Amino acid sequence: MAQGRRADSARRQRVLKALNDAATAGEELSVSAIARKAGVDRTFFYRHRDLVEQLHSLEAQPPNTEPISSCGGGLLVTA
């Protein structure tokens, strides 16, 4: 069970990095694009609603804003 949590944590970190990289570079922000970039299945997003909400939050922001960062397991958008 602990191994599954570690793998899940590693996938989350890849997704967060992919979100940050795409937002910074002005690339496409969609579940499919980020999942592909992070090397995870789209269903991973839908099991982790906070990641979907973060993606939608980034989509709503104007381009070229500061990147996201993880803090205490949650995400913060810095301005």
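Bear in mind that the values here come from a model prediction, so they are computed numbers and not experimental data. Residue numbers run from 1 in the order of the sequence given.
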**Student:** At what distance, to the nearest 0.5 angstrom, does CZ of Arg14 lie from CG of Leu16?
**Tutor:**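 These two atoms lie 11.5 Å from each other.
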**Student:** To the nearest 0.5 Å, what is the distance between CD (Gln54) and CG (Leu58)?
**Tutor:**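 The CD atom of Gln54 sits 5.0 Å away from the CG atom of Leu58.
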**Student:** List for me each residue that meets ring-ring contact (aromatic ring centres under 6.0 Å, His included) alongside Phe45, sequence neighbours excluded, and say none if there are none.
**Tutor:**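 Counting only residues at least two positions away or on another chain, Phe45 forms no ring-ring contact (aromatic ring centres under 6.0 Å, His included).
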**Student:** Using the ring pair (Phe, Tyr, Trp, His ring centres under 6.0 Å) rule, collect all pairs that involve residues 21-44, keeping only residues at least two apart or in two chains.
**Tutor:**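 Every ring pair (Phe, Tyr, Trp, His ring centres under 6.0 Å) pair that includes a residue of residues 21-44, provided the two are not neighbours, is Phe44-His48.
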**Student:** Can you confirm whether Val15 sits close enough to Leu19 that some side-chain heavy atom of one is under 4.5 Å from a side-chain heavy atom of the other?
**Tutor:**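 Result yes, sub-4.5 Å side-chain heavy-atom pair found.
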**Student:** Side-chain atoms of residues 25-36: list all donor-acceptor pairs with protein atoms under 3.5 Å, sequence neighbours left out, distances to 0.1 Å.
**Tutor:**
residue: Glu27; atom: OE1; partner: Lys37; partner atom: NZ; Å: 2.6
residue: Glu28; atom: OE2; partner: Ser30; partner atom: OG; Å: 3.1
residue: Ser30; atom: OG; partner: Ala33; partner atom: N; Å: 3.1

**Student:** Could you pull out all residues at least two apart from Asp21 that satisfy salt bridge (Lys or Arg N to Asp or Glu O under 4.0 Å)?
**Tutor:**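 Asp21 satisfies salt bridge (Lys or Arg N to Asp or Glu O under 4.0 Å) with Lys17 once adjacent residues are dropped.
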**Student:** Among residues at least two apart in sequence or on other chains, which ones pass side chain to side chain contact (heavy atoms under 4.5 Å, CB included) with His56?
**Tutor:**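 Expected list: Val52, Glu59.
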**Student:** For residues Asp41 and Arg11, determine if any side-chain heavy atom of one lies less than 4.5 Å from a side-chain heavy atom of the other.
**Tutor:**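 A side-chain contact is absent here, since even the closest heavy-atom pair is not under 4.5 Å.
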**Student:** Using the side chain to side chain donor-acceptor pair (under 3.5 Å) criterion, which residues pair with Arg47? Sequence neighbours excluded.
**Tutor:**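 Side chain to side chain donor-acceptor pair (under 3.5 Å) list for Arg47, sorted by chain: Thr43.
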